Protein chains: 2
Amino acid sequence: MEGYDKYAFEPFAVTVDLAVFTVRAGGLQVLLIERGQEPYIGHWALPGGFVLPQESAGTAARRELAEETGLSDVSGLHLEQLCTYSEPDRDPRMRVVSVAYTALLPDPPEPRGGGDAASARWLAYDGLGPLAFDHDRILADAHERVGAKLEYTCLATAFCPPEFTLGELQQVYETVWGTALDRPNFRRKVLATPGFVEQIPGAARLTGGRGKPAALYRAGDATALHPPLLRPASAPARPPSQSPSPSSNPSPEGRSS
Amino acid sequence: MEGYDKYAFEPFAVTVDLAVFTVRAGGLQVLLIERGQEPYIGHWALPGGFVLPQESAGTAARRELAEETGLSDVSGLHLEQLCTYSEPDRDPRMRVVSVAYTALLPDPPEPRGGGDAASARWLAYDGLGPLAFDHDRILADAHERVGAKLEYTCLATAFCPPEFTLGELQQVYETVWGTALDRPNFRRKVLATPGFVEQIPGAARLTGGRGKPAALYRAGDATALHPPLLRPASAPARPPSQSPSPSSNPSPEGRSS
DNA sequence: CTATTTATAGTCGTACTGACCATTAAGGGA
DNA sequence: TCCCTTAATGGTCAGTACGACTATAAATAG
């Protein structure tokens with residue numbers, strides 16, 4: 001911070017990029033926009049935009065989240081700073097430093113074309129083609145972060161609507177991790193963690209028609225999971241197959257995919 | 001990323017700030033510089049500086065680390081991006097977005113006055129007065145991050161010299177967490193984790209004169225701790241008393257201390 | 001009515017952990 | 001020299017957590 005007058009500094013453009021996840025149709029989906037201009041015209045990219053002069057990056061991220069999803073109230077959603085990407089050549093047009101955020105949505109609406117998004121859509125995380133800029137890497141980092149936070153926080157309820165069954169909560173874990181979990185054991189663990197979920201007395205939901213009705217739960221007030229709910233060491237292969245996260249090294253520097 | 005021509009954007013200055021920790025004299029110490037000009041003249045601040053036009057934030061952080069510590073080779077040191085701080089008013093002079101990094105050093109030298117640091121010094125983490133800008137918050141976030149990563153990674157060896165005893169390794173945990181740990185249990189846990197440490201055959205070190213000589217160990221090649229080594233729920237009070245982390249909310253937005 | 005599906009309840013053995021106790025090997029002081 | 005202190009090391013034991021598994025209940029599909 002010393003030496004404002006000793007070092008010349010170059011102005012940077014500062015943007016936010018959003019990796020917005022949801023669990024729908026039994027799979028993990030990501031909100032993406034299709035680029036309508038060069039560079040990377042026709043490629044999918046993460047939604048995002050410039051940080052305005054009077055707002056913080058977090059404020060900008062929440063504003064963009066509202067614009068891109070079309071949701072009128074995004075104040076209750078989970079939004080978390082992921083990492084900042086600053087490779088000098090990550091945007092061929094100019095020097096852009098981007099602060100990436102991750103958001104989790106329960107049961108999202110189809111995105112409207114509002115904001116500056118040409119055409120925003122929910123796409124399955126698996127089998128995504130190459131994204132624009134370094135967004136492959138950002139998305140992989142975001143996926144890894146979300147998967148890790150499911151282990152030791154109560155974050156999974158952020159993917160669920162206000163009332164949910166334990167089966168739906170388990171599907172969140174299975175979808176993000178790409179692994180199958182033992183249902184009785186999962187249930188035992190969740191219920192043994194105070195404040196993770198609380199049962200709604202007398203309520204039950206028919207599970208898509210078949211099977212015994214499941215009790216409904218609300219998110220509790222706990223935020224941490226002690227002890228954590230660790231994902232199995234090796235993924236025992238689940239129906240919606242999951243590509244293993246390509247970023248084994250979480251360091252954000254050193255490469256621009 | 002769409003709409004470069006629709007939104008006007010204001011240029012930002014982009015800097016890096018470093019929270020550099022070491023364990024010395026039985027306490028946690030931080031590398032700080034004393035500000036020689038307004039604002040916050042006379043206050044202590046985290047070392048840092050501008051990101052240069054042709055470098056990434058990570059490159060800038062490593063360059064600043066070498067300049068401020070006076071170390072000739074910082075390539076092997078642990079350096080990790082922490083968070084980006086972007087409150088519009090965090091620097092009264094201009095709009096500065098700062099990418100914060102955390103570094104861990106074993107047995108560091110006294111900092112020379114090189115680089116642009118007026119006077120850099122190692123200060124005890126406990127009992128620090130208010131720092132310049134929002135550096136109190138950055139430092140608290142860094143401390144919390146380091147403490148958390150000790151739980152589920154093998155990061156603790158980054159605080160230790162190439163050869164160390166298990167007692168020294170335990171002191172790292174106790175110093176960062178501010179809690180006392182049971183020595184036999186700690187030993188059992190560390191040795192039961194494959195690749196955490198490996199014994200140097202036949203080597204032993206006299207522990208400051210008194211007591212049985214301790215075996216020497218090297219850092220292993222493992223990076224993760226499965227299962228994790230969780231810190232005790234409540235801190236059972238250790239000699240170097242530790243101020244509980246003032247940032248219970250890890251979100252980096254919303255306030256500028 | 002029967003098979004199927006899903007939720008829920010419980011069992012059992014292993015692994016891990018926290019709280020201890022015991023032994024070994026060094027130095028310091030009377 | 002003998003004994004005490006200090007620190008490393010080795011071990012026990014019980015409680016908890018967890019993975020694998022079996023069993024029962026309550027709904028629908030045919």
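Keep in mind the model is a prediction, meaning the values are calculated, not measured. Per chain, numbering begins at 1; letters A, B, ... match sequence-line order.
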Which atom pairs, donor and acceptor, lie under 3.5 Å between side-chain atoms of residues 213-224 of chain B and protein residues at least two apart or in another chain?
none

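- A close approach under 4.0 Å does occur between a side-chain nitrogen or oxygen of A:R187 and OP1 or OP2 of C:dT8.
- Using a cutoff of 4.0 Å between basic side-chain nitrogens and carboxylate oxygens, A:D141 and A:R137 are scored as salt-bridged.
- Taking atom CG of residue A:L166 and atom P of nucleotide C:dT6, one finds them 16 Å apart after rounding to whole Å.
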Side-chain donor-acceptor pairs under 3.5 Å in residues 21-28 of chain B, sequence neighbours left out?
| residue | atom | partner | partner atom | Å |
| --- | --- | --- | --- | --- |
| B:T22 | OG1 | B:L105 | O | 2.8 |
| B:R24 | NE | B:Q29 | OE1 | 3.3 |
| B:R24 | NH1 | B:P108 | O | 3.3 |
| B:R24 | NH2 | B:Q29 | OE1 | 3.0 |

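- Distance from the side chain of B:P213 is smallest to C:dA25 among C:dT8, D:dT9, C:dA25.
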Bracket string, DNA chain D, 5' to 3' - pairs by Watson-Crick or G-U geometry under 3.5 Å, | interstrand: ||||||||||||||||||||||||||||||
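- Among the heavy atoms of the strands, none lies under 4.0 Å from B:A192.
- The interatomic distance linking B:L169 (CG) with D:dA7 (P) rounds to 17 Å, in whole Å.
- Applying the 4.0 Å criterion to OP1 and OP2 of C:dT8, one finds that A:R183 has every side-chain N and O outside that range.
- Classification of A:R231 and A:E144 as a salt-bridged pair holds, one side-chain N sitting under 4.0 Å from a carboxylate O.
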Only distances under 3.5 Å count here; give the side-chain donor-acceptor pairs of residues 196-203 of chain B to other protein atoms, sequence neighbours excluded, each with its distance to 0.1 Å.
none

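- One atom, CG of B:L181, and another, C1' of C:dT17, lie 13 Å apart when rounded to the nearest Å.
- Look at CD on B:Q199: it is 12 Å from C1' on D:dA8, rounded to the nearest Å.
- Among all heavy-atom pairs drawn from B:Q81 and B:T84, the shortest one is OE1-OG1, 4.4 Å.
- C:dT8 atom C1' lies 5 Å from atom NZ of A:K212, rounded to whole Å.
- Taking a cutoff of 4.0 Å between a charged side-chain nitrogen and a carboxylate oxygen, A:E34 and A:R121 do not qualify as a salt bridge.
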A correct 5'-to-3' footprint of nucleotides 14-23 of chain D, with B, S and - meaning base, sugar-phosphate only and no protein heavy atom under 4.0 Å, is ---SBBBB--
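- A:P106 and A:A158 get closest at one heavy-atom pair: CD-O, 3.5 Å.
- Across the protein-nucleic acid pair, A:Q170 atom CD and C:dT6 atom P stand 12 Å apart, rounded to whole Å.
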Result block: side-chain N/O donor-acceptor pairs under 3.5 angstrom for residues 184-194 of chain B, not counting sequence neighbours:
| residue | atom | partner | partner atom | Å |
| --- | --- | --- | --- | --- |
| B:N185 | OD1 | B:R188 | NH2 | 3.1 |
| B:N185 | ND2 | B:D182 | OD2 | 3.2 |
| B:K189 | NZ | B:P227 | O | 2.8 |
| B:T193 | OG1 | B:K189 | O | 3.1 |

